[in-house]
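Chain letters run A, B, ... following the sequence lines, proteins first, then strands; residues in each count from 1.
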2 protein chains.
Amino acid sequence: MSSETLKIPQATAKRLPLYYRFLKNLHSAGKLRVSSAELSEAVKVDSATIRRDFSYFGALGKKGYGYNVDYLLSFFRKTLDQDELTKVALVGVGNLGTALLNYNFLKNNNTKISVAFDIDEAKIGSTMSGVTIYHMDDMEKVLEELGISIAILTVPAPYAQSITDRLAKANVKGILNFTPARLTVPATMRVHHIDLAVELQSLVYFLKHYGVNEVEEIEE
Amino acid sequence: MSSETLKIPQATAKRLPLYYRFLKNLHSAGKLRVSSAELSEAVKVDSATIRRDFSYFGALGKKGYGYNVDYLLSFFRKTLDQDELTKVALVGVGNLGTALLNYNFLKNNNTKISVAFDIDEAKIGSTMSGVTIYHMDDMEKVLEELGISIAILTVPAPYAQSITDRLAKANVKGILNFTPARLTVPATMRVHHIDLAVELQSLVYFLKHYGVNEVEEIEE
DNA sequence: AAAACATTGTTATCCATTTCACATAAAACT
DNA sequence: AGTTTTATGTGAAATGGATAACAATGTTTT
């Protein structure tokens with residue numbers, strides 16, 4: 001099952017999709033080779049960090065030359081499981097949920113919102129951006145039928161925890177949580193938060209309290 | 001101007017808005033005191049980390065008692081500049097931009113999208129969620145009139161860099177960047193990225209490659 | 001084919017952050 | 001009032017991540 005590759009540092013793992021995207025750009029632009037220095041300029045990550053990141057996967061480059069774009073690209077495609085489509089569920093089709101439905105994850109990643117759930121009768125049964133919206137009452141059933149194990153959570157905060165509990169029972173393993181709620185989950189689940197208000201507010205804080213130009217870039 | 005307080009670690013600064021939000025919840029719920037252990041359970045941050053974070057601001061608690069909710073809340077209100085309203089501009093009123101317009105930042109933070117820009121003639125001049133939409137051609141002028149120094153960027157990726165250059169000239173100091181582009185900015189500016197595709201994909205990667213239950217929670 | 005050049009992979013170092021563990025002191029109890 | 005309980009604040013250790021710097025090695029040029 002889980003390809004127990006050597007454990008890559010989390011910070012590195014978070015940068016992989018970024019590298020992959022830029023490699024695709026380079027490929028489309030017809031570039032054949034790239035150095036860590038060039039890549040660094042494009043993705044705004046120190047070149048030594050890039051080399052270190054790549055090195056966890058072995059020697060992918062050639063000294064004095066750099067990296068072969070095609071080779072690197074196909075390597076990352078395998079590593080990031082881009083060959084198989086990953087199906088994701090959207091729970092909560094409000095403003096943000098609707099925006100995510102229209103957001104084309106497929107374009108960059110082989111990941112697709114395949115189904116959505118809501119409680120608004122006006123939406124149920126309809127399709128948006130080609131995605132059918134089901135009633136939340138049918139969530140467990142539909143998720144298991146489709147074999148979905150990842151959910152994007154965009155419901156009002158007060159419902160977040162109880163819906164998470166249901167997702168856990170339905171064998172969902174990962175949640176991308178857009179609600180402000182800090183979810184309690186079984187140890188077998190993984191939650192990534194995207195907390196819009198916190199992001200905005202921490203930006204405000206940094207601007208007011210840190211000498212601007214103190215630090216260059218901060219990654220989420 | 002910039003209250004040159006002792007430099008709080010960045011990781012701490014990013015958690016402050018989170019603490020603030022939960023303290024508000026506790027306050028609404030009528031709680032008078034709270035311990036770092038309780039808070040830890042609620043925000044999913046180790047209690048020692050919470051105590052350390054608070055300690056950068058001095059001794060806010062009392063041994064054997066914990067923290068007084070009201071005191072802590074008013075302290076953070078000052079620290080996070082919640083007394084003055086922070087005005088923010090939205091650049092790009094597409095799907096995601098529209099969702100953010102409807103997202104009520106004001107509720108939790110004293111931060112408000114005060115103005116929006118787009119190039120779609122159908123939208124220009126109208127208001128959405130009480131926010132007037134101007135033509136992007138007028139951006140510099142309007143920003144300076146309103147004295148806005150923070151922008152949320154939700155435009156198509158190919159336009160991101162050139163618009164960023166214009167924002168820089170218009171004296172904007174902070175950008176919350178929702179586009180996949182990695183922006184090049186002067187050292188006087190600060191960019192926070194929220195890269196939706198990367199977030200989703202890295203979640204997928206973690207689930208496939210890390211023994212689930214390996215790590216509890218990851219922050220953004 | 002030799003010399004000059006470019007760029008990796010990695011070692012050693014540095015820095016930031018988290019966590020442990022406990023002395024200290026206040027609060028609660030008897 | 002004295003004893004026990006509770007929970008802070010922090011020194012010290014551990015972890016995690018970024019960066020500098022350079023030997024090794026392949027590439028390009030002449």
How close or far is atom [atom2] of [N] from atom [atom1] of [X], stated in whole angstroms?
X: B/K44; N: C/dT18; atom1: NZ; atom2: P; answer: 17 Å
X: B/D46; N: C/dT17; atom1: CG; atom2: C1'; answer: 12 Å
X: A/I50; N: C/dT10; atom1: CD1; atom2: P; answer: 17 Å
X: A/Y71; N: C/dT8; atom1: OH; atom2: C1'; answer: 14 Å
X: B/R52; N: C/dC22; atom1: CZ; atom2: P; answer: 16 Å
X: A/E38; N: C/dA6; atom1: CD; atom2: P; answer: 13 Å
X: A/D53; N: C/dG9; atom1: CG; atom2: C1'; answer: 13 Å
X: A/F57; N: C/dT10; atom1: CZ; atom2: P; answer: 14 Å

Open item on the list: Which is more 5' along DNA chain C, the nucleotide nearest B/P9 or the one nearest A/G58? Just name the residue.
Closed with: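 Final value for this comparison: A/G58.
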TODO: Return the 5'-most residue of the pair A/G66, B/T49 with respect to DNA chain C, ranking by each residue's nearest nucleotide.
DONE: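 Whichever sits nearer the 5' end wins; that is A/G66.
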- [ ] Report the residues that fulfil side chain to side chain donor-acceptor pair (under 3.5 Å) with B/R52, sequence neighbours left out, ordered by chain and then residue number.
- [x]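 B/R52 satisfies side chain to side chain donor-acceptor pair (under 3.5 Å) with no residue once adjacent residues are dropped.
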Open item on the list: Can you confirm if the NZ or CZ of B/R33 lies within 45° of the ring axis of B/Y67 and under 6.0 Å from the centre of its six-membered ring?
Closed with: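 B/R33 over B/Y67 ring: no.
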Residue-phosphate contact under 4.0 Å: [X] side-chain N/O, [N] OP1/OP2:
X: A/S36; N: C/dT7; result: no
X: A/K62; N: C/dT7; result: no
X: B/R51; N: C/dC20; result: no

Task: Segment of DNA chain D, first to last nucleotide, that comes within the 4.0 Å heavy-atom reach of chain A - done: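 Listed 5' to 3', the contact boundaries are D/dG17 to D/dT28.
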Open item on the list: Need one value for B/F54: base, sugar-phosphate or nothing, where a base atom within 4.0 Å counts as base even if backbone is also close, heavy atoms only.
Closed with: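 Since no nucleic acid heavy atom lies under 4.0 Å of B/F54, the category is nothing.
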Open item on the list: Restricting to salt bridge (charged side-chain N to carboxylate O under 4.0 Å, His left out), what partner residues turn up for B/R15, sequence neighbours left out?
Closed with: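 Here the qualifying residues are B/D53.
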Establish, yes or no, whether a centroid distance under 6.0 Å links the rings of [X] and [Y].
X: B/Y71; Y: B/F76; result: no
X: B/H193; Y: B/F178; result: no
X: B/F105; Y: B/Y103; result: yes

Open item on the list: Side chain of B/A48, heavy atoms from C-beta onward: which of C/dT10, C/dT19, C/dA27 has the nearest atom to it?
Closed with: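 In terms of side-chain proximity for B/A48, the closest of C/dT10, C/dT19, C/dA27 is C/dT19.
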Open item on the list: With a 6.0 Å cut-off (strictly less than), is the heavy-atom count around CZ of B/F75, excluding the residue itself, greater than 12?
Closed with: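 Enclosed: over 12 neighbouring heavy atoms sit under 6.0 Å from CZ of B/F75.
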